[in-house]
Every structure is written in C-alpha cells, then in structure tokens.
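Quick notes on the structure that follows.
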Amino acid sequence: AQSALIGQLTQCIVIGRTPQAPCCLSDRAVVLGSLAMGTENNIKSLVDCHIIPALLQGLLCSDLIFIEACLRCLRTIFISPVTPVQLLYTDPTVIPHLMSLLSRSQHTQEYITQIFAHCCKTPEHQTVLFNHGAIQNIAPLLISPSYKVRMQALKCFSVLAYENAQVSMTLVNVLVDGEQLSQVFVRMMQRDKPIEMQLTAAKCLTYMCRAGDIRTDDNCIVLKTLPCLVRMCSKERLLEERVEGAETLAYLMETDIELQRIASVTDHLVSMLADYFKYPSSVSAITDIKRLDHDLKHAHELRQAAFKLYASLGSNDEDIRKKITETENMMDRIVSGLSESSIKVRLAAVRCLHSLSRSVQQLRTSFHDHAVWKPLMKLLQNAPDEVLVMASSTLCNLLLEFSPSKEPILESGVIELLCSLTQSDSPALRVNSIWALMNMAFQADQKVKVEIVQALGTEQLFRLLSDPDTNVLMKTLGLLRNLLSTRPHIDQIMSSHGKQIMQAVTLILEGEHSIEVKEQTLCILANIADGNTAKELIMTNDDMLQKIKYYMGHSNVKLQLAATFCISNLIWNEENGEELRTPGFCGGVVGQFNCNVLSVCPNIKTCTKAFTAKQYLA
C-alpha cells in the first residue's frame, strides 16, 4: 500500500496533475517528505520508486513553495545513509540548476547546501561542485542572517576542502564582504559561537593548512585552530565532539613537529586523552541504561580517535613519546587495541605503536617489557592490507639490531611470513616486508641469512629485483647487500646463487635506472669482490669488468666511488695487506685507480670491505 501511494504521488509530481482528491503539488511533496522522515525502509521505497528524478524534475517549476517542498524532501532523502549519493550527479544539468536556486530564499539555501555537504564524498564530486561555482555561490552564505544557512555553508566548505589542493588554494583568495575567508572561519571559532560551528570552522582551516595554503606557523593555526581543537577534546564536550576534535587535531599536526610540540603542552592534552579509554562508564542504576547505550555506541570511536591523536603527537619528538608511554596503562591499552574486534580501532592502535616504535629508548624498554611483538605477530597472520602495511612497518623497527624483541621474533617463524608478504599485490606491503628482512639480515649470523635466502627463493628474489616500484627495488638491493657481508657468508651464498645474482646485477647496470639504484648495485658488486672465492665471478667476467671501468669514469661521483670500491676489493690481498699485481685489464685499471681516484678517497685502502646497507627506522 505504501509503495502504491508513493508511486501515485510520484506520478502526480512528474506530470503535474492531481488525482481524485483535490490537493496542490506542494502538498504531495510535503507528504513524500513526511514519509522520508520515517524508517530507512521508507527511504529505500522512495528511492526504488524513482522519487529522486521526479523531485529533481519538480525543481523546474516556477512556484517557490513547491520548489522548497521538493528540496526539503530531497534533503531528507539524501542525508540518509541508504541513499546512493551518485543519484545527484547522474544528470549533468542538476548541479548548475541547484546553484541557480540558491538565491531564491533562505530555505533553498539551507536545503541545497545541506544536500551538497552530504553528497560530496569523492574527489570527483568535489571537482563537479567546484567547476559549477560552488565556492563563489556559497561563500556569501557564510554571513547569512540565518544560523542554519551559515552552518550548512560552512559544512559545504569543509567537505570541499578536504584533501583538495585546488579548492584550498581558491579559498585562500576568496573575500566575503571584503574580509578574507580564513578570517571569517577564525571568527566562527570564537568561544561564544556554537560548538558545531567552532569545530567545523577549525576543520576548514585544518584542511587549508594541510594543503599548504596556510602556513603551519600562521597565527590562525597556532593561536586559534589548534587551541580550538584541543578544547574539543575536553571532558566537557559531547562524545561525538571529542571524537571529531581529536581526529581533526591528529590530521592537522600529523606532519609538523612544532605543532606536535605545542599541542603536547596545551591543556594537558596527553593526559586528557587517557579519559577516552574510560567508556563505557560503569553504571548500576536502571536510569543510566540510555547513557550506557550511548557510551557503548561511541566507545570504539573514542579509542580510535585517541590512538590516532597519540600517533600524531609522538611521530617525531622523543620527549612526547616518553610522556605518552608514561600515561596510565598506555602500553596495555595499545596491546589490547591490537586485538579489538573493530578493524578501525586495530588500525589506529598499530599506527600508534608504529609512531612509538621510532624511539630507540621505547624499543629497548616499554616494548620489551610489554612483549608487544606477540600481538603484533598475531595481527600479521590475518588482517586487511591497510592494517598489514602499518603492522609490517612497525615490525621493521622491532627487527633493528638493538631491539630486544628481535630474537624472540626470529624464533616465532617470522621469516616465512615476511617472505610470503613479498608476493603481495600492495607495493607498500612488499616494501615493508623486504625492509624487515633487510633489517633482520643486518650483521646476522650465517644461519639466519641462509634461512632468508631459502625461504625467499631465488625466483622471488629476482622478481623483486625487476619490480616496477623503485622503493621495492632499492630495499631488495639493500637486503642483498646485508646478505652479502662477511667473507664466509659472501662465499657461501655466491657459491650456490652466484650465477643468478651476477645476471641480476648485469641487468640493473644495463637498464634505465636511477643513480641511487645503480650505486646500490655497484655496492653489491663491491661486497662480492670482498669474498675470497666469490670475487672470481667478477674477475672471470670481462663484461662485468668493462662495466666497472665505465662507471669509474662516470660523471657522477657516487658511481665513481662505488666502482672504485669494487676495484679496490678485487686487487686487495687481505692476507698480505698489499695490492695484487694483476695482469691484463685489471692491471690497467689499477693505474687509473691509483692516479685518478685516490684523490676522491685518500684512505681507500683502509675502508675497503663489504658494506652492509644502513638500518633505518620505518
């Protein structure tokens, strides 16, 4: 019956005639709007009956009351989570027509801006609205006498500017009644303004700052936006406001160490965030059931927001990391967060752990004391790619030479796991898994190196050496350098895989690669040349010797030096402590080496050896 009624009312709006009961078109739209305010099933029925195209067609009518009724119904439908927002963009004439209706009345302004704010979900949507003059048409509404219009216009700008450099750059130059738009946003953050307005204005300025159109040391950021967002994190605010405030603040200072330092000492923020983990509150009285339900609903969001903000705060500064880990039960909360049922909370918790893992001190103390590697390893067994990327990046840091967690992680079978992750379709996951293996192989004993080579397999190793992602290739070369260090290890690995490794080196040196890639490849050759028996693979390969000679005369000093290390290792006799007088090609190169290259590195003899790739915190 409901579907039949909706169908009849829809037909009335489309063809402009009334059925048996005499009633104007606007009343039909009002009835449809009332139905839309019911359950989600009502919305689905309306959408299934094609009410959205009918209402959009109704906007072509000249009657303002009917237009407002159609817009009100459209607004109610589009703000529902079950409505496909793409329906607004199907007809290319709809957006420009909505822009033209903005000047008709305050009601059309409120409904249209609210529709835009809810239906702008992707960069493509931002571009469509931007190209049809959204900024120029909506900016004047920020000084409308109607609070509802001002608020919806502000929300429009927040969704338009999010991660959009083009929009942000335009907003900086917009004037509203002779005042810069950024200053209008600053006024909207004043304490006497409604919280909703303060928070949304702070989001607009945050997005403009992250796009690079407002400096991070600008007063409107340091003295206005940041303090406003910190206020939103306080106990006095609603849980929803605390979540939004913390997430926006985390985004604002994510890449700026000075903002992180300022925030860490503003209103006891670090300890204030500890309260986010205390929901749901313990209640006993039956009258608190509604509060308990509310707290339960937002508990996951609060923990997620707190972890995100802690991650941003501690991403650079050692003192802030120390302050975070010393916050009550913080490490226990992170460990618990890694096992939460909510994927979003797990991702935020591992992001926080990753941020803290950049501290050498925390790796040696808190991480070891709380055995964080155990839940991290469990997380790596089965998780979505976005979680795996962050977890594997954290694992890279736990596998650094000075980390006490390295040995127990090695004993847990991590090599097989990491080698399997190198086959992932995600370039970031491939990079992190190889990075972890590279850190693991750094100054490792022969048993670990052999296990890595066997688990990875020659075929996969050389697939990685031809990976189209340069970061994957560089990390793989770093892994090879660390595997080919220490003479017995070099000789052992080259005796079983020498032919394939030399082929890979040849392909890279002949290919179109960057200076950095070729430098790393020459360093691998220098390591091979340091082996007792492995160097014969170079000495007996005329083509490779010619390549080394070519790079010794290269215009780039880094490549010259790397090639020089190759020759120096080839001609140096470790047992006698003197150069080998080699006939033929190598003897000729020695002359060039002595005359031209010693000026680049006078102490070349003392520094010739197999070099490992440096260890870096991920």
Side-chain angles (χ1 to χ4, degrees), residues 216 226-227 229-235 242-243 245-279 299-340 342 344-376 379 387 390-391 393-398 400 402-405 617-618:
T216 55
L226 188 146
L229 292 171
V230 172
R231 288 200 306 273
M232 296 301 128
C233 299
S234 67
K235 289 182 179 181
R242 297 177 75 182
V243 168
E247 292 193 339
T248 307
L249 180 56
Y251 184 63
L252 172 65
M253 63 184 182
E254 186 176 21
T255 58
D256 191 272
I257 188 170
E258 286 306 316
L259 288 180
Q260 292 160 11
R261 286 170 176 164
I262 293 168
S264 70
V265 295
T266 302
D267 293 347
H268 307 286
L269 177 64
V270 174
S271 56
M272 186 195 302
L273 285 175
D275 188 64
Y276 277 50
F277 297 94
K278 297 178 181 177
Y279 294 89
H300 289 309
E301 294 175 356
L302 282 163
R303 290 196 290 276
Q304 178 188 344
F307 282 136
K308 281 184 179 179
L309 188 43
Y310 276 135
S312 283
L313 278 168
S315 59
N316 290 291
D317 189 277
E318 185 65 25
D319 291 335
I320 298 175
R321 293 187 189 115
K322 188 172 184 293
K323 190 185 294 187
I324 291 171
T325 55
E326 290 175 352
T327 303
E328 55 175 315
N329 303 321
M330 189 62 214
M331 293 306 296
D332 290 332
R333 285 167 175 159
I334 294 174
V335 169
S336 298
L338 295 175
S339 305
E340 285 238 11
S342 166
K344 291 182 177 180
V345 176
R346 272 186 278 168
L347 178 59
V350 75
R351 184 174 290 156
C352 181
L353 190 67
H354 175 256
S355 181
L356 297 176
S357 74
R358 291 173 174 165
S359 163
V360 175
Q361 181 185 2
Q362 299 309 322
L363 284 173
R364 288 174 169 167
T365 55
S366 302
F367 277 52
H368 180 60
D369 295 341
H370 292 82
V372 297
W373 66 270
K374 291 182 179 178
L376 188 66
L379 193 62
V387 177
M390 193 56 61
S393 187
T394 308
L395 188 65
C396 290
N397 295 342
L398 268 66
L400 289 165
F402 49 76
S403 168
S405 303
L617 287 163

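Side chains are part of it too, since the values below use all heavy atoms of this structure and drop only hydrogens, waters and symmetry mates.
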About how many Å separate [atom2] of [Y] and [atom1] of [X], when rounded to the nearest 0.5 Å?
X: S366; Y: L356; atom1: OG; atom2: CG; answer: 8.5 Å
X: R333; Y: L338; atom1: CZ; atom2: CG; answer: 14.5 Å
X: T325; Y: F367; atom1: OG1; atom2: CZ; answer: 9.0 Å
X: Q362; Y: L353; atom1: CD; atom2: CG; answer: 11.0 Å
X: L259; Y: L249; atom1: CG; atom2: CG; answer: 9.0 Å
X: T248; Y: L226; atom1: OG1; atom2: CG; answer: 11.5 Å

> Under 3.5 Å, is there a donor-acceptor pair between the side chain of T394 and the main chain of M390?
Replying inline: yes
>> Strictly distance-based, threshold 3.5 Å: is any side-chain N or O of S355 a donor or acceptor partner for the main-chain N or O of G314?
In response: yes
> Between V243 and Q304, does a side chain to side chain contact (heavy atoms under 4.5 Å, CB included) hold up when you go through it step by step?
Replying inline: CA-CA 8 Å; V243 168; Q304 178 188 344; over 6 Å; no
>> Apply side chain to side chain contact (heavy atoms under 4.5 Å, CB included) to residues H370 and I334 and explain how you reach the verdict.
In response: CA-CA 10 Å; H370 292 82; I334 294 174; over 6 Å; no
On a heavy-atom basis, which atom in [X] and which in [Y] lie closest, and how many Å separate them?
X: N397; Y: S357; result: ND2-OG, 2.8 Å
X: A305; Y: Y276; result: CB-CE2, 4.4 Å
X: G245; Y: C233; result: C-SG, 4.1 Å

The criterion is side chain to side chain contact (heavy atoms under 4.5 Å, CB included); which residues satisfy it with [X], sequence neighbours excluded?
X: V387; result: I343, L347, L379, A383, P384
X: R364; result: V360, F402, P404
X: S336; result: none
X: T327; result: V270, A274, Y310, M330

List for me each residue that meets side-chain hydrogen bond (donor to acceptor under 3.5 Å, both in side chains) alongside [X], sequence neighbours excluded, and say none if there are none.
X: S264; result: none
X: K374; result: none
X: R346; result: none
X: T266; result: none

With sequence neighbours left out, write down each residue that passes salt bridge (Lys or Arg N to Asp or Glu O under 4.0 Å) with [X], or none if nothing qualifies.
X: R321; answer: E318
X: R303; answer: E340
X: E247; answer: K308

> Can you list every side chain to side chain donor-acceptor pair (under 3.5 Å) pair that touches residues 254-263, not counting sequence neighbours?
Replying inline: R210-E254, T216-D256, E258-R261, Q260-S315, Q260-N316, R261-D317
> Are side-chain N/O atoms of S342 and H300 paired as donor and acceptor at under 3.5 Å?
Replying inline: no
>> Under the criterion side chain to side chain contact (heavy atoms under 4.5 Å, CB included), I'd like the reasoning laid out for T365 against M331: C-alpha separation, chi angles, the key distance, then a yes or no.
In response: CA-CA 11 Å; T365 55; M331 293 306 296; over 6 Å; no
>> A side-chain contact here means heavy atoms from C-beta on lying under 4.5 Å apart; do D275 and R242 qualify?
In response: yes
